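Numbering of residues begins at 1 and proceeds along the displayed sequence. Please read these numbers as outputs of a predicted model, since none were measured by experiment.
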Amino acid sequence: MNTRSTNSWRRIHIILGLFFLCVLPLHTWAQSLTFQPIYFKSRKATLDEASKDALKRIAQLLATHPQVTLKLIGHAGIEGKNVDPQALSESRATNALNFLLEEKVKKKRLSALGKGSAELYEPGNPSAASNRRVEFEFKAPAITKKDGKELEKIQLIYWNTLYHALIPITYVKGFFEKEGFDALLIATNHSTINQVKASCGVEPFLKSKGLIFAGAVCGGSPHESIAKGLKIKVIGGLLSGGSMLIAKPEMAKKLRADWNNFRGIRIGRPKGTVLTSMIVSYNAYMRGVDHRKEFKWHLYNSHEEVLEAIARGEIDAGDTYAPLNLRAKEKYGIEEVYNTFELFPFHPCCRIITTPEKLKKDRPKYVRYLKAIIRGHEFFTRFPLKAVDIVQEYTGYTKDEVRISLTNPNFRLNPDPLRNGFIKFWKMMNETGFIHSKENIEDYIDSSVYEDALKKLMEEDPQNPYYSYMMKQFLVQNR
């Protein structure tokens with residue numbers, strides 16, 4: 001990696017926190033991976049089921065990428081008298097490492113480090129659960145492509161999971177290169193601790209200033225950011241639908257039978273996540289059930305913790321995402337109550353954003369960028385099983401989990417800006433009290449960039465039925 005790229009990465013690392021440099025084989029000179037930390041009970045270093053599930057996914061990803069090494073970094077809060085934070089943090093990291101060894105990861109690829117209570121997520125609350133964690137740092141040797149092409153380097157923030165699957169698909173198939181870009185993917189983790197603080201990648205994108213070309217952010221976070229006064233511009237999308245409210249079978253049946261049965265239920269959601277919670281709350285609200293008075297919210301550090309809380313009977317229902325819904329079904333028999341797509345067809349989930357200044361300065365480049373994303377979506381629609389292989393390699397989920405999720409009709413990869421749904425989502429959030437803002441939301445979305453990208457593709461390949469179909473969809477969803 002050259003000095004300029006190294007310095008850029010160091011600046012990004014400081015800004016984004018838990019982003020770790022990693023190269024995926026054969027595809028690029030650098031690829032960033034990150035996983036949310038695993039958490040521990042106070043004074044304990046024992047792995048719970050959610051932690052074990054996360055570590056199994058990491059082991060699978062390491063098996064796919066044999067050149068990658070991993071450092072496990074343990075942390076502790078202030079966890080009572082006679083507790084040595086340094087020793088406790090070391091035990092947590094070591095226990096996680098030992099679990100990976102049991103999963104057949106070679107010892108030479110792993111290292112463990114304890115940092116005591118030196119780096120607290122919540123310094124003002126040193127005993128908080130968020131301080132009791134193990135983080136993961138992935139590293140690999142840099143690989144430089146030498147194909148003689150002069151490509152413009154761009155850096156892209158995205159969430160390394162199924163919801164942003166169009167990013168790695170587009171990347172691996174060379175569609176960014178086809179549009180003249182040498183793309184560096186920087187994976188964010190929206191549920192590290194509190195999605196609101198980082199706005200699911202929005203604020204890190206803004207703070208990085210000129211370093212990041214575009215951001216791919218999670219559902220609801222653009223609206224929250226706009227309500228907080230942040231200036232962004234939505235130009236495209238990645239997904240519609242895909243999130244779920246889940247519960248044990250008897251409770252799921254009860255809740256689906258009558259919205260009045262939502263009165264008084266205990267609902268769990270990760271800190272700061274808003275999409276499923278808002279859509280469910282809005283539908284209840286429209287039927288006379290006010291979530292602010294009738295729901296008993298329980299907040300957790302991750303979706304995995306929500307799943308475990310349902311299994312224990314601590315809560316009645318919870319917010320989750322794919323493929324955790326499949327794991328919930330297999331492990332505990334937990335079922336979907338509602339998929340968000342059922343309640344709000346073609347609602348905007350993950351959006352592609354930039355800033356008004358960047359869009360004004362480099363609009364033709366953003367048109368080319370969206371052309372690449374559209375090509376990635378076309379590849380997915382034509383060759384879904386090949387796309388599944390790409391996504392499985394990048395995310396570390398099992399092939400069946402990726403295949404079942406990506407082919408679910410309520411999980412729709414889609415590059416369309418979905419302007420109408422984006423505006424409706426804003427109104428719903430205000431009406432239910434999730435945000436309070438009088439901003440004109442139409443000023444924050446520009447669907448014409450996507451439209452121009454689609455038109456250019458139609459000019460290049462006028463007989464392609466996929467582009468004609470996407471244009472028809474665009475006219476329905478954005479006029």
Side-chain angles (χ1 to χ4, degrees), residues 27 154 156-179 181 183 185 213-219 234-242 322 341 345-354 366-395 402-403 405-419 421-422 445-478:
H27 301 321
I154 59 172
L156 311 173
I157 289 179
Y158 81 114
W159 183 24
N160 188 26
T161 188
L162 304 183
Y163 286 64
H164 292 186
L166 286 181
I167 299 294
I169 292 171
T170 301
Y171 181 74
V172 170
K173 296 308 300 178
F175 298 131
F176 289 131
E177 290 186 27
K178 188 176 181 68
E179 293 300 329
F181 297 121
L185 308 188
F213 180 74
V217 300
C218 303
V234 172
I235 60 172
L238 295 168
L239 179 74
S240 175
F341 195 91
F346 288 99
H347 72 75
C349 179
C350 308
R351 301 293 87 193
I352 295 174
I353 66 164
T354 184
Y366 285 100
V367 172
R368 286 162 43 209
Y369 173 69
L370 290 182
K371 283 177 66 182
I373 297 293
I374 295 169
R375 290 182 192 274
H377 185 254
E378 180 189 9
F379 178 84
F380 166 73
T381 59
R382 293 180 62 194
F383 308 105
L385 295 183
K386 292 182 179 179
V388 164
D389 288 341
I390 295 171
V391 177
Q392 190 275 328
E393 180 181 339
Y394 265 64
T395 61
V402 177
R403 176 183 54 79
S405 297
L406 295 191
T407 56
N408 185 326
N410 289 324
F411 188 104
R412 302 198 181 189
L413 297 182
N414 189 349
D416 195 291
L418 300 176
R419 180 180 182 274
F422 188 80
I445 181 169
D446 185 347
S447 58
S448 69
V449 187
Y450 175 87
E451 182 179 17
D452 287 350
L454 197 52
K455 286 180 177 178
K456 287 185 177 296
L457 288 168
M458 295 177 73
E459 292 172 3
E460 295 171 11
D461 189 1
Q463 302 304 316
N464 191 323
Y466 163 81
Y467 298 142
S468 299
Y469 170 80
M470 294 302 287
M471 179 58 77
K472 290 179 181 178
Q473 182 188 83
F474 172 82
L475 294 175
V476 171
Q477 300 294 339
N478 295 272

- Kindly give the heavy-atom pair with the smallest separation between G376 and T170, and that separation in Å. CA-OG1, 3.4 Å
- Evaluation steps, side-chain hydrogen bond (donor to acceptor under 3.5 Å, both in side chains), between Q473 and N478: CA-CA 8 Å; Q473 182 188 83; N478 295 272; over 6 Å; no
- So how far is it from S448 OG to L454 CG, rounded to the nearest 0.5 Å? 12.5 Å
- Task: Could you tell me whether the side chain of Y163 and the main chain of G242 form a donor-acceptor pair under 3.5 Å?
- Result: yes
- Message: Let's go through V234 and I352 carefully: what are the C-alpha distance in whole Å and the side-chain angles of both, what is the deciding distance for side-chain contact (heavy atoms from CB on, under 4.5 Å) to 0.1 Å, and is it a yes or a no?
- Response: CA-CA 6 Å; V234 172; I352 295 174; over 6 Å; no
- Item | E460 atom CD: more than 12 heavy-atom contacts under 6.0 Å | yes
- Does one side chain, of Y366 or T354, offer a donor that lies under 3.5 Å from an acceptor on the other? yes
- Is the backbone N or O of G241 less than 3.5 Å from a side-chain atom of R412, with the two atoms forming a donor-acceptor pair by type? no
- Establish, for the pair R368 and F181, whether the NZ or CZ atom is under 6.0 angstrom from the six-membered ring centre and no further than 45 degrees off its axis. yes
- Centroid separation H347 to F422 less than 6.0 Å: no
- Message: Using only atom types and a distance under 3.5 Å, with no angle test, would you say the side chain of T381 pairs donor to acceptor with the backbone of E378?
- Response: yes
- Query: Between Q477 and N414, does any side-chain donor sit less than 3.5 Å from a side-chain acceptor?
  - Reply: no
- Task: Could you tell me how the ring of F379 sits relative to the ring of F383: parallel (under 30°), tilted (30 to 60°) or perpendicular (over 60°)?
- Result: tilted
- Task: Assert yes or no for the condition that the ring centre distance of F411 to F341 is strictly below 6.0 Å.
- Result: no
- Between H377 and L413, does a side-chain contact (heavy atoms from CB on, under 4.5 Å) hold up when you go through it step by step? CA-CA 7 Å; H377 185 254; L413 297 182; 4.1 Å; yes
